[in-house]
Trainee: 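I'd like to ask some things about the structure below.
Model, not experiment: these values are computed from the prediction. We name chains A, B, ... by the order of the sequence lines, and we start the count at 1 in each one.
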There are 4 protein chains.
Amino acid sequence: MPPELLRQIVEDMIPFHKFLGVKVDRVERGRIRLRVPFREEFIGNPLRRAMHGGVISMLADAAGGFAISTALDGTSQTLATIDLRVDYLRPGHPEALVAEATVVRTGSRVGVADVRLFHPSSESTTIATGKGVYAIKKLKHPRAGSASE
Amino acid sequence: MPPELLRQIVEDMIPFHKFLGVKVDRVERGRIRLRVPFREEFIGNPLRRAMHGGVISMLADAAGGFAISTALDGTSQTLATIDLRVDYLRPGHPEALVAEATVVRTGSRVGVADVRLFHPSSESTTIATGKGVYAIKKLKHPRAGSASE
Amino acid sequence: MPPELLRQIVEDMIPFHKFLGVKVDRVERGRIRLRVPFREEFIGNPLRRAMHGGVISMLADAAGGFAISTALDGTSQTLATIDLRVDYLRPGHPEALVAEATVVRTGSRVGVADVRLFHPSSESTTIATGKGVYAIKKLKHPRAGSASE
Amino acid sequence: MPPELLRQIVEDMIPFHKFLGVKVDRVERGRIRLRVPFREEFIGNPLRRAMHGGVISMLADAAGGFAISTALDGTSQTLATIDLRVDYLRPGHPEALVAEATVVRTGSRVGVADVRLFHPSSESTTIATGKGVYAIKKLKHPRAGSASE
């Protein structure tokens, strides 16, 4: 899928992404980097000012799915998450969060992606890792792109 | 922890829960039921009007963590998710989502919870299942409750 | 697949099952119960005489995969595990181990199974739970059955 | 723990490891590399001559746990697997299998390790990846080492 189309789908066509503010930082075949700027509403533990695990798992799921999308030819397929695992290694700080996802396996039916999440202020400090397994399905109306669910 | 305090923490003290509208349906020792009313912003796949996986994983994480909280004595502990796995069995519809979580193991350091997610309009149709592992930590300022992160 | 054929595949055609002594206790559509009698060689922690986690994960994987097999029509498909998660709730004792697996989702390409593991001496005491995701593939030589790998 | 003691525990003190032939290839603080020579009995799918997933998950569990052990001071602790996830990327061939495990997080109570599994004949071709979460417990009889279960 052309990078510009992918960006449009991720940023503009998916209501939950717009709601939270998800942006595409970089796309190449087999890899994607998504980012979500910090908002006070993302806090999960007010005592420690730590980000809610749900922000992290949402970004992991989205990045993993769209990494698979970058490796698909054409726009006639849609993805659905089969399973997602997130390992939380450190509390997320009140800062932008980045998810970098890489395809580790892709076939005609199932794709698997690895995701690493960190803050841009300290790229090598991993906040969480994710692993997602996605079903690849043929779209009946191919025009509309590979939105994840 | 007293149910009323737990409800207050879940619904009022955690910004991400307030942002998304998470409510406590029921609490008992070892079990909790959380609910999030539907909003258009929760859509992840506009073609199929399916809920974003991130809404599901957020509610699974929160329900699993607070199920563990119901089984802790006192309010001097805090929880952090170690890992979360979500299996997505069916697309989520544009409806309220419920997560029912049960403690499957709890010790002084680690708790494990099972979560089942469904729509209230069809309680027996499982949308997703989750399994969360949580670290139980002593709070330095015990006054403030067991907010999850 | 006919139960008698399934039993033969599980018990006689899979070298690793023969090596460890895996037996079929019960089969019905969508469910299977496997058992492995205890051997001293299964100990993983000699101090606590606890069973090695590898015996538990092997039986979980096998039971999950063959539960999917019971739900497939014909013998022209083969399964490969995509991912397996095992949660270890209690140490396994030096006794026979049973795995009961149930299909939670099955399509033409991917099947998901839940597994519960316990000792026959205390059926309701769960030792571990497993969740496996399996790819369903067409066999080129349909004659040979749906051996798991 | 001294490398020589660790090797002795892995290779000689754990019956399931002796039964399958698990060897220590390399140890350093925070990393371990285990190997199991191939045996015909490890086949899980005789049609494709693929290794049984249970051999892979056993080695992943063992490597992850002992990677954590390398990072513990002294020999007064024991480990128990809390949960293990294995992603199977390619069929395992009838060859020796190697698991390389790295600690990704370790505290006083919980350790997390990443594992990569491959054949020594093609080190960069990943057969499977694993992620294990382990509880770290104080031994009552510290003399006896940190056997995993």
Trainee: Under 4.5 Å, counting heavy-atom pairs only, tell me which of A:V86, A:L89, A:I56, A:V133 racks up the most with chain B.
Mentor: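 Maximum pair count with chain B is reached by A:V86.
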Trainee: B:I82 versus chain A, heavy atoms under 4.5 Å apart: side chain, backbone, both or neither?
Mentor: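 For B:I82, the backbone is the part near chain A, not the side chain.
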Trainee: Relative to chain B, which segment of A:L20 carries a heavy atom at a distance below 4.5 Å: side chain, backbone, both, or neither?
Mentor: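 For A:L20, side-chain heavy atoms alone lie under 4.5 Å from chain B.
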Trainee: Should the pair B:F16 and A:H52 be assigned to parallel (<30°), tilted (30 to 60°) or perpendicular (>60°) ring geometry?
Mentor: tilted
Trainee: Are the charged groups of A:E123 and A:R33 less than 4.0 angstrom apart, N to O?
Mentor: yes
Trainee: So, do A:Y134 and A:F66 have ring centers that fall under 6.0 Å from each other?
Mentor: no
Trainee: Taking the side chain as C-beta and beyond, is there a heavy-atom pair between B:V98 and B:H119 under 4.5 Å?
Mentor: no
Trainee: Can you tell whether the side chains of A:D83 and A:R85 come within less than 4.0 Å, N to carboxylate O?
Mentor: no
Trainee: Is it the backbone or the side chain of A:L84 that comes under 4.5 Å from a heavy atom of chain B, or both, or neither?
Mentor: both
Trainee: Tell me, for A:E40 versus chain B, whether the close heavy atoms (under 4.5 Å) come from the side chain, the backbone, both or neither.
Mentor: backbone
